[in-house]
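Index from 1, following the sequence. Numbering of ligands and ligand atoms starts at 1, following listing order.
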Amino acid sequence: MDRRTVVIGSINYDIIIKQDRLPKIGETISANSVSMSGGGKGANQAVQCAKLGLDTHMIGKVGNDHFGDELLNGLEKYHVHTNFIKKADTNSGLGFVNSFPDGRLLSTIEKGANYKLQIKDIQDAVSIIKEASIVVIQLEIPIKVAEYAIQLGKKHGCYIILNAAPSVPISADVLKLVDCFVVNEAEASYYAGTEIETAEQALAASDLLQNMVAHLVCITLGEKGSVLFDGKEKQYFPAEKVDVIETTGAGDSYIGGIAYSVLNNFLINEMGKFASKVSSKTVTNIGAHEAMPSLEEVIM
Ligand code: RIB
């Protein structure tokens with residue numbers, strides 16, 4: 001099996017505040033704890049792929065601040081190849097996450113270097129894309145760059161996984177090139193144009209979303225599980241029951257599980273179970289990269 005995976009996307013420095021609730025306007029409250037760590041949907045997905053044993057290369061941009069060096073070191077620590085991560089003449093992207101006791105999150109990003117990524121940066125990395133089996137992309141980079149990356153990956157025969165997060169308008173023609181489209185309930189609601197909160201709603205809306213892409217749709221619903229549909233087989237997967245500590249990066253971890261499943265030719269049934277198991281491990285610890293499981297931890 002050729003395990004080479006290229007992840008194109010965001011690299012953020014995350015500040016995760018655990019708190020019971022949000023303050024009201026004019027009110028000050030104390031947080032329960034704060035943690036600072038490597039994050040960003042792209043970097044999270046790259047770390048999870050690498051922890052599952054995939055030969056993972058990342059294309060992206062960090063800033064010329066001290067966070068940039070820390071983020072690069074963090075990725076290298078988890079064996080993500082960083083040769084195609086450039087430094088931009090600005091600050092690194094930041095993620096501000098409010099994490100509540102029930103596991104729900106509010107997430108705000110500061111674009112920073114991620115939005116300095118250009119089409120030329122993708123072209124400069126074509127040698128690695130040519131050698132990849134899978135390209136994984138999210139939308140915390142300029143949309144034109146993401147669309148170009150999808151087209152280039154497809155041209156070179158790669159399986160394209162698009163995590164359409166955050167939800168932004170995207171070319172319908174480019175979406176048709178996407179082999180696997182992964183969205184959470186908020187993003188699924190945006191792209192389907194209908195409210196999706198429950199498994200039943202996700203099962204119903206998966207037809208419409210699957211029609212927009214080449215093959216597979218995955219809708220993640222947090223503690224409510226996930227839905228997979230490839231145009232023939234449609235299946236609901238309940239989330240594994242675990243003691244939730246903190247959920248940042250759980251969706252990204254799920255995508256690492258999907259990438260591993262694709263490379264191992266898993267059927268939908270195995271794929272949904274495996275990805276759910278991977279993300280269920282991630283929510284049992286704080287932060288994204290550190291909390292993500294190795295392959296041994298998933299299959300033990
Ligand atoms: O998906 C979780 C990620 O979203 C966080 O790490 C944060 O940086 C934002 O990009």
Side-chain angles (χ1 to χ4, degrees), residues 7-18 34-51 58-63 65 67-68 70-72 74-75 77-78 80 85 91-100 103-117 136-143 145-146 161-168 181-188 190 218-223 226 244-259 275 278-293:
V7 180
I8 303 173
S10 59
I11 308 162
N12 291 337
Y13 192 80
D14 280 354
I15 300 170
I16 302 170
I17 305 172
K18 287 194 83 172
V34 66
S35 62
M36 293 173 231
S37 59
K41 296 184 196 310
N44 294 347
Q45 292 168 25
V47 167
Q48 185 59 86
C49 287
K51 282 193 168 186
M58 176 139 198
I59 303 173
K61 273 194 173 156
V62 293
D65 48 14
F67 290 136
E70 209 177 304
L71 289 166
L72 285 174
L75 286 169
K77 181 175 113 188
Y78 293 115
V80 174
I85 299 177
N91 63 286
S92 297
L94 296 169
F96 304 95
V97 181
N98 305 99
S99 167
F100 301 105
R104 287 192 291 179
L105 303 176
L106 292 177
S107 205
T108 306
I109 55 164
E110 198 285 318
K111 295 176 172 178
N114 296 310
Y115 282 74
K116 297 287 180 196
L117 195 67
V136 184
I137 302 167
Q138 331 70 35
L139 301 180
E140 287 181 333
I141 55 174
I143 187 66
V145 177
I161 299 179
L162 174 65
N163 173 216
S167 45
V168 291
F181 182 74
V182 189
V183 280
N184 68 14
E185 57 275 63
E187 294 135 12
Y190 173 88
C218 308
I219 304 175
T220 60
L221 303 161
E223 83 282 0
S226 58
V244 176
I245 301 292
E246 205 279 304
T247 64
T248 304
D252 301 321
S253 183
Y254 186 97
I255 289 162
I258 292 288
V278 174
S279 65
S280 75
K281 300 272 179 196
T282 300
V283 303
T284 59
N285 226 324
I286 293 184
H289 300 183
E290 294 77 10
M292 291 173 171

With sequence neighbours excluded, residues passing ring-ring contact (aromatic ring centres under 6.0 Å, His included) with Tyr13: Phe67
Heavy-atom closest contact (Ile245 atom, Thr284 atom, distance): CG1-O, 3.3 Å
Leu105: side-chain contact (heavy atoms from CB on, under 4.5 Å) partners, not counting sequence neighbours: Val97, Ser99, Glu246, Thr247, Thr248
Test side-chain contact (heavy atoms from CB on, under 4.5 Å) applied to Tyr190 - qualifying residues, sequence neighbours left out: Ser167, Pro169
Spacing of Asn114 atom CG and Ile109 atom CD1 [to the nearest 0.5 Å]: 7.0 Å
Donor + acceptor pair across side chains of Glu110, Asn91 (<3.5 Å): yes
What does the contact table look like for ligand 1 (nitrogen or oxygen on each side, cut-off under 3.5 Å)?
unit_1, atom_1, unit_2, atom_2, d
ligand 1, 1 (O), Lys41, NZ, 3.0
ligand 1, 1 (O), Asp252, OD2, 2.8
ligand 1, 4 (O), Lys41, NZ, 3.0
ligand 1, 6 (O), Asp14, OD1, 3.4
ligand 1, 6 (O), Asp14, OD2, 2.5
ligand 1, 6 (O), Gly40, N, 3.0
ligand 1, 6 (O), Asn44, ND2, 3.1
ligand 1, 8 (O), Asn12, ND2, 3.0
ligand 1, 8 (O), Asp14, OD1, 2.5
ligand 1, 8 (O), Gly40, N, 3.0
ligand 1, 10 (O), Asn12, ND2, 3.1
ligand 1, 10 (O), Glu140, OE1, 3.0
ligand 1, 10 (O), Glu140, OE2, 2.7

